[in-house]
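Inspection log for the structure reproduced underneath, given as structure tokens.
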Number of protein chains: 2
Amino acid sequence: MKTHTIVIVEDHILLSQAIASLVDSFKDFSVLYTCKNGKELLTKLKTPNNIPDIILMDVNMPILNGIETTEIIKNEYPEIKVIALSVEENDVTIIKMLKAGAKGYLLKDVEKDILELALIETIKNGYYHTKDVSNILINSLNDDDSGKIQLKDREIEFIIHTCSEMTYKEIAEKMFLSPKTIDGYRDNLFQKLNVKNRIGLVLYAIKNGIYKL
Amino acid sequence: MKTHTIVIVEDHILLSQAIASLVDSFKDFSVLYTCKNGKELLTKLKTPNNIPDIILMDVNMPILNGIETTEIIKNEYPEIKVIALSVEENDVTIIKMLKAGAKGYLLKDVEKDILELALIETIKNGYYHTKDVSNILINSLNDDDSGKIQLKDREIEFIIHTCSEMTYKEIAEKMFLSPKTIDGYRDNLFQKLNVKNRIGLVLYAIKNGIYKL
DNA sequence: AATTTAATGGGTGTTTTTCCCCTTTTTTGA
DNA sequence: TCAAAAAAGGGGAAAAACACCCATTAAATT
């Protein structure tokens with residue numbers, strides 16, 4: 001049986017190397033190389049013979065994150081299968097990643113045997129999902145506010161400023177809008193996101209990666 | 001040369017196993033066993049022949065976190081050397097961990113060679129520190145609000161409620177205190193933590209693990 | 001061309017938050 | 001045990017946040 005090649009994209013070097021060591025210990029898989037972020041990966045892929053069978057991709061990375069990178073891979077290298085690897089159990093993130101074209105989504109607290117199984121199944125069937133992730137997906141489909149909340153750029157900008165300990169007056173100045181418009185943004189978002197006050201906005205923003213700590 | 005034994009304490013199983021695979025590939029080290037949290041570790045340590053030379057300890061874990069666990073290890077098994085392993089670059093966390101008795105603090109984005117070096121040096125000298133962490137420590141010593149911020153239980157309770165989208169009136173009722181006392185808590189904390197408003201409290205709480213999303 | 005929808009902003013009021021200065025009670029430590 | 005410090009509570013006022021109303025304009029739909 002031939003050996004399949006894996007590329008690992010993960011910004012924490014130690015984890016990257018640790019997972020590489022693990023993958024290399026699997027019977028039919030070997031690590032081709034590792035990258036620290038999406039940008040580095042795209043550069044490497046341009047070189048011939050650098051195309052792996054599977055990419056293990058972290059979701060949260062600087063420079064070019066897993067979602068954006070996967071999107072690009074799907075379009076430019078559709079034959080490569082991407083498996084997301086993340087601590088994020090967040091519904092929205094998982095859905096985004098799968099929409100972007102990931103063939104699987106592994107939470108970082110799975111066993112190594114599951115990782116090996118995921119690699120094997122992905123080679124064989126083209127995809128693999130754990131029960132955990134499947135359940136999250138099913139729940140989120142029944143859930144009102146999972147996929148469909150779509151914030152506008154201007155609203156996101158407003159939220160980020162709110163998270164930065166600014167008053168609405170200050171935000172209005174920064175965004176070149178009347179305080180009254182900001183009032184409207186706030187009222188709107190409170191309703192749309194179902195929160196009670198600014199704190200709720202901040203929590204939402206952090207949970208959904210809109211505002212980074 | 002004899003082989004030194006390592007125990008890994010890390011809640012994300014895959015990472016735990018991946019790091020184990022890495023450590024086992026080092027010349028003079030082998031993994032004795034792995035644990036998912038501090039509680040599990042303390043149970044295992046009670047069995048004879050389960051005492052490792054070094055414990056690689058994650059800082060953020062459920063049940064019994066790295067700081068508390070390290071504190072206990074220091075008192076009960078002072079001969080075991082604990083090296084903290086974390087993504088947290090947060091000054092306060094690092095200082096807490098070192099105060100608790102950790103002999104080293106590795107950020108999760110170090111190279112595997114550094115991990116091996118840290119293990120070797122810790123066996124040889126009893127401690128190891130990367131330049132990164134040393135710099136953070138030096139900076140934090142010159143910094144006013146690094147190590148000395150010590151929140152009282154009641155203050156932490158107040159902050160958690162603030163993070164829960166409650167008004168101060170509601171918090172006062174919940175904590176059986178006068179709204180005016182809550183006023184005092186707030187004023188105090190704003191000054192102590194150097195924030196401008198409730199949002200600042202929320203950010204501080206999330207950054208420092210006081211409030212979990 | 002007519003209608004809807006989205007973005008902007010105004011008016012007016014209530015509630016909450018924030019700030020500053022103060023007293024009383026309880027706890028702590030020397 | 002006595003003084004100091006910390007915790008709890010208070011008054012009053014200004015600022016900010018929140019709620020709900022509605023008007024205008026521009027853009028998108030139909």
Side-chain angles (χ1 to χ4, degrees), chain A residues 92 144-208 210-211 213, chain B residues 92 96 99 144-208 210-211 213:
Chain A
V92 181
D144 311 336
D145 52 60
S146 55
K148 59 178 163 235
I149 290 190
Q150 193 58 37
L151 298 182
K152 285 136 202 143
D153 288 356
R154 209 71 173 142
E155 286 178 327
I156 287 175
E157 199 182 332
F158 163 75
I159 289 181
I160 290 173
H161 288 140
T162 304
C163 291
S164 310
E165 298 182 59
M166 290 169 77
T167 68
Y168 294 134
K169 206 205 287 183
E170 289 168 337
I171 296 174
E173 282 169 19
K174 196 122 201 167
M175 292 180 68
F176 300 105
L177 290 173
S178 146
K180 275 296 165 187
T181 307
I182 294 296
D183 250 50
Y185 275 57
R186 185 203 53 220
D187 291 356
N188 227 338
L189 283 169
F190 278 11
Q191 213 219 320
K192 200 192 293 199
L193 304 180
N194 189 35
V195 298
K196 293 174 64 180
N197 51 37
R198 285 176 308 154
I199 305 277
L201 286 188
V202 172
L203 297 178
Y204 178 90
I206 294 173
K207 275 183 197 159
N208 292 279
I210 293 170
Y211 183 78
L213 287 173
Chain B
V92 181
K96 273 189 190 162
K99 267 191 188 161
D144 310 338
D145 52 59
S146 55
K148 57 179 164 233
I149 290 191
Q150 191 58 37
L151 298 183
K152 285 139 202 138
D153 288 356
R154 210 71 174 143
E155 286 179 327
I156 288 176
E157 199 183 331
F158 164 76
I159 290 182
I160 291 173
H161 288 140
T162 304
C163 291
S164 310
E165 297 183 59
M166 290 168 77
T167 68
Y168 294 133
K169 206 204 288 183
E170 291 167 335
I171 295 174
E173 282 168 21
K174 197 126 202 163
M175 290 180 69
F176 301 106
L177 288 174
S178 146
K180 274 300 172 182
T181 307
I182 295 297
D183 248 54
Y185 275 59
R186 185 204 53 222
D187 290 358
N188 228 338
L189 283 168
F190 278 13
Q191 213 220 321
K192 200 191 295 198
L193 304 179
N194 189 31
V195 299
K196 293 173 63 180
N197 52 35
R198 287 176 307 153
I199 305 276
L201 284 188
V202 172
L203 297 178
Y204 178 89
I206 294 172
K207 275 182 198 160
N208 291 278
I210 293 171
Y211 183 78
L213 288 173

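Computation of the quantities below employed the complete heavy-atom set of this structure, encompassing side-chain atoms and omitting hydrogens, waters and symmetry-equivalent molecules. Just so we're on the same page: letters track the sequence lines, and every chain starts at 1.
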*salt bridge (charged side-chain N to carboxylate O under 4.0 Å, His left out) partners of A/Glu165, counting only residues at least two apart*: none
*Would you say the side chain of A/Ile182 lies within less than 4.5 Å of the side chain of A/Ser178, judging by non-hydrogen atoms?*
no
*asked:* Rounding to 10°, can you tell me the angle the first-five-pair axis of the helix from C/dT3-D/dA28 to C/dA30-D/dT1 makes with its last-five-pair axis?
replied: 50°
*Any B/Leu203 side-chain heavy atom under 4.5 Å of A/Tyr211 side chain*: yes
_For the CG atom of A/Asn188 and the CG atom of A/Asp183, what is their distance to the nearest 0.5 Å?_
11.5 Å
_Distance in angstrom units between A/Glu155 CD and C/dA7 C1', rounded_ = 10 Å
*Check whether any side-chain heavy atom of A/Leu189 lies under 4.5 Å from a side-chain heavy atom of A/Phe158, and answer yes or no.*
yes
*Residues A/Lys192 and A/Glu155 bridged, charged N to O under 4.0 Å*: yes
*So, do B/Asn197 and A/Arg198 sit near enough that their side-chain heavy atoms are less than 4.5 Å apart?*
yes
*For residues 159-175 of chain A, which residues have at least one heavy atom under 4.0 Å from DNA chain D?*
A/Thr167, A/Tyr168, A/Lys169
*Side chain proximity check, A/Tyr168 to A/Arg186, heavy atoms < 4.5 angstrom*: yes
*Atom pair CG (A/Asn208) and CD1 (A/Ile159), whose distance is rounded to the nearest 0.5 Å*: 9.0 Å
*Looking for any heavy atom pair under 4.0 Å, which part of the strands does A/Asn197 touch: base, sugar-phosphate only, or nothing?*
sugar-phosphate
Report each atom pair, protein N/O against N/O of nucleotides 8-10 of chain C, whose distance is under 3.5 angstrom.
{"from": "C/dT8", "atom 1": "OP2", "to": "A/Tyr185", "atom 2": "OH", "distance (Å)": "2.2"}
{"from": "C/dG9", "atom 1": "OP2", "to": "A/Ser178", "atom 2": "N", "distance (Å)": "2.9"}
{"from": "C/dG9", "atom 1": "OP2", "to": "A/Thr181", "atom 2": "OG1", "distance (Å)": "2.7"}
{"from": "C/dG9", "atom 1": "O5'", "to": "A/Thr181", "atom 2": "OG1", "distance (Å)": "3.2"}
{"from": "C/dG10", "atom 1": "OP2", "to": "A/Ser178", "atom 2": "OG", "distance (Å)": "3.0"}

*Rounded to whole angstrom units, what separation is found between the CG atom of B/Asp187 and the P atom of C/dC22?*
15 Å
*Can you name the closest pair of heavy atoms from B/Ile206 and A/Leu213 and give their distance?*
CG2-CD1, 3.4 Å
*Please find the earliest and latest nucleotides of DNA chain D, in the 5' to 3' direction, that have an atom within less than 4.0 Å of any heavy atom of chain A.*
D/dA16 to D/dC20
*Looking for any heavy atom pair under 4.0 Å, which part of the strands does B/Arg198 touch: base, sugar-phosphate only, or nothing?*
sugar-phosphate
*Select base, sugar-phosphate, or nothing to describe what B/Asp183 touches, counting heavy atoms under 4.0 Å on all strands.*
base
_Which heavy atom of A/Met175 sits nearest to which heavy atom of A/Arg154, and what is that distance?_
O-NH2, 2.5 Å
*Measure from NZ on A/Lys196 to C1' on C/dT16 and round the result to the nearest Å.*
12 Å
*asked:* Contact between A/Phe190 and A/Leu201 at the side-chain level, heavy atoms closer than 4.5 Å - yes or no?
replied: yes
*Who are the salt bridge (charged side-chain N to carboxylate O under 4.0 Å, His left out) partners of B/Glu173, not counting sequence neighbours?*
none
*Can you tell me the distance, in whole Å, between the CG atom of B/Asn188 and the P atom of C/dT18?*
14 Å
